[in-house]
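One structure below.
Here is the naming used below: chain letters follow the sequence lines, and residue numbers restart at 1 for every chain. These values consider heavy atoms only, across backbone and side chains, with no hydrogens, waters or symmetry-generated copies. Since this is a predicted model, take the numbers as computed values, not measurements.
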Amino acid sequence: MEEVKALGIDVGSTTVKLTAVDAQGKLIWHHLEGADPRVEDQVDHFFNLMREHGFDGKELPMVATGYGRNLVEQAEKKVTEITCHATGVYNQLGHGGTLVDIGGQDSKVIIIGENSQVVDFAMNDKCAAGTGRFLENTAGRLRVPLDRMGVEALSAAEEVAISSTCTVFAESEIISMIAHGVEVNPILKGLHRSLILRIVAMIRSVGLVPPLMLSGGVVKNPAIREMITQELGEQVTMPEYPQLMGAYGAALIALKNSNRA
Amino acid sequence: MSVSATLKYMVNVNIIGKTALGWQRRRAEHSTFSSSKWRTDILSEPLRIGARTKELISLHYLAGRYANGHRPVAWVTSGGPVEILQALGYYVLYPENHGALCGARRAVVDISTEAENAGYSRDICSYARTDIGSVLSGKTPVGKLPKPDLLLACTNICQTVLHWYRVLADHFNVPLILIDTPFVYDEAPDHAIKFVRRQLEDSIPVSEQVAGKTLEYKKLQEVLQLSKDATELWLEIMGRGKQHPAPLSVFDQFIHMAPIVEMRGLKTTVDFYSQLLKELDERISKGIGALKKERKRLLWDNLPIWYRLRYLSEYLAERGIAVVASTYTNAWGELAPLINVDKPLDSMARTYLYPILNKGTKYKLNTMRRMVEDFDLNGVILHSDRSCKPYSIGQVDQRNRLIKEYNIPALLLEADHDDPRAYAEEQVASRLAAFMEMLED
């Protein structure tokens, strides 16, 4: 493995991601696991893991991002997910545009300028509608595993309309549909549509600046990608590791700061 | 009016209250120890006028407590034409100001729940809910509010006031004066001015009858002059924010704006703002800013978030961000030139037609643009206030146009001016932090 020069950690609501970059800012190592409520313990465990992989994380510059960023004591700087995602994606794809990041707890639309700077952004409002949690909760009711949801939804020829964007109300709606004998896959497809329409509204509120890029754990779901393309008539591009872009951006910022110092 | 009520008022307000509060203020003014809980490592020492603000507000609510039976009492909306009532000697209470005070004291959830339990929806403005909840339960952080003998609602700030004051009129069984102000898209047509003027004229006999006295034209002119003087001073005070560093932030303005809203037309209000202006000029001559280190300057749109004033002020100050101007506080100053003492009713009709909330969204966008230029600002925070629909409508568009057409960074922040249940601290913090990072680029 090339020499690790900087680290980025993204303490998200659902998962925690750690990335390591070399002197050129190339992503050379990463680790991802479910978020532990004891962030400090989890970070300690990450440092042990790095030692096992032959490098000492404590000696390296590190930037933290995500909701739990302020709990990462080892990080020399805390930067928001907005800036980190923009930095990560820009470096991976090599251009600006509109980045849609769909995470477990929130979704963001970020307009990235020609020099990787954030020009504008919007985030979902206070509720979980338009986030990964919406699919997770509602699909849980249908007993479909998360990694199968997208494929199952796309396989449905029919689609039922879910009128509620609210996670709690949508769940009641699903229960009533099941009670009326509606098939699972058309409901799944309707759920995806509901989420996508929410995201599309957010993109439109900011104003789409092509190309359209996606990041975040939820975009691994193929139905999300396909339906966004359908709704906006715009092809989407994705980095190789969409879920790691926040942590990767954080590592790049750490690297840049250490070079500057 | 009763003799015993007058006696009680004189003793409790004029003798005990004034003496005790005056003493408290003097002690605070001469104390070298700052009792401020606000962080003075990033913010300058609080303005000395603060002691006077506290005295004025305390005295105002104390007077209210003993007003019934001694003076006629009117409850008025914040944009209501108050000068006729002041000239007739009314004690004037502003339920919206009381609501703001409840917000700052974190009493809103408790009081508003009383209204919600009575069936008022949480979608109604939190000021209205707080007021109705307070009326129904008697709960208030100021001890006791006087019962109104008269209600005056002016629709120049929103339509909610119309329904809210009808609830009050029904509850208290007192007359309600409604001043309906047609929406102004560009310039108010003559017929709109005549329409409002006629309503003002019609309000006089009702106000006189309740007060049991006749309106003196000269007294009305005097009150109007005092209103104009205070409003002009307030405008000048806000204008001092153009200095680098700005000697006062909008958080200071929010704290010291109560008199311009609820004590317009009084001599003490004019004196109060003269003193504040003097203090600001002292600060300017010494190069003292509201922030110890001012790096960026912003505009605030919409009402304050009363229950998180200190948090927001410190969060921003810590990052060197001074919020130095706001469309909201500006609303209580910008109409000063319209007040004409020689034509009291005509000029009042015009003045009360022109508040920012009674004008088109284009006017607000232009106001924001002008303020960004005049105050040399780096961006705008638009508080999307769940309670205040007329202020919040059009903000998404305004934000986008600020960014795209005028290249001014702008952030939409969702909250509520009074109800903390419609506010998510973590989300607000992450949006603010991302916006700050964007400004640094």
Decide yes or no on salt bridge (charged side-chain N to carboxylate O under 4.0 Å, His left out) for Lys404(B) and Asp120(A), but give the supporting numbers first. CA-CA 10 Å; Lys404(B) 291 192 181 109; Asp120(A) 192 12; 5.3 Å; no

Please indicate whether Tyr185(B) has more than 12 foreign heavy atoms, meaning atoms of other residues, nucleotides or ligands, lying under 6.0 Å from its OH. no

Which one of Met436(B), Met438(B), Glu440(B), Glu437(B) satisfies the side-chain contact (heavy atoms from CB on, under 4.5 Å) criterion with Thr83(A)? Glu437(B)

Should we count CZ of Phe169(A) as having more than 12 external heavy atoms under 6.0 Å? no

Report the option among Ile82(A), Val119(A), Val79(A), Thr80(A) that has the most heavy-atom pairs separated by less than 4.5 Å from atoms of chain B. Thr80(A)

CD of Glu73(A): more than 12 outside heavy atoms within 6.0 angstrom? no

Any chance CZ of Arg193(A) has more than 12 other-residue heavy atoms, nucleotides or ligands included, within less than 6.0 Å? yes

Kindly check if the number of other-residue, nucleotide or ligand heavy atoms within 6.0 Å of NZ (Lys364(B)) is above 12? yes

Identify which part of Leu411(B) has an atom lying under 4.5 Å from any heavy atom of chain A, answering side chain, backbone, both or neither. side chain

Is there a side chain to side chain contact (heavy atoms under 4.5 Å, CB included) between Val206(A) and Arg399(B)? Walk through the geometry before answering. CA-CA 9 Å; Val206(A) 178; Arg399(B) 192 198 78 98; 4.3 Å; yes

Has Lys78(A) got more than 12 heavy atoms of other residues, nucleotides or ligands less than 6.0 Å from its NZ? yes

Distance col, row Arg204(A):CZ vs Asn400(B):CG, nearest 0.5 angstrom, shows 14.0 Å

For Ser430(B) against Arg69(A), the heavy-atom pair lying closest together: CA-NH2, 4.4 Å

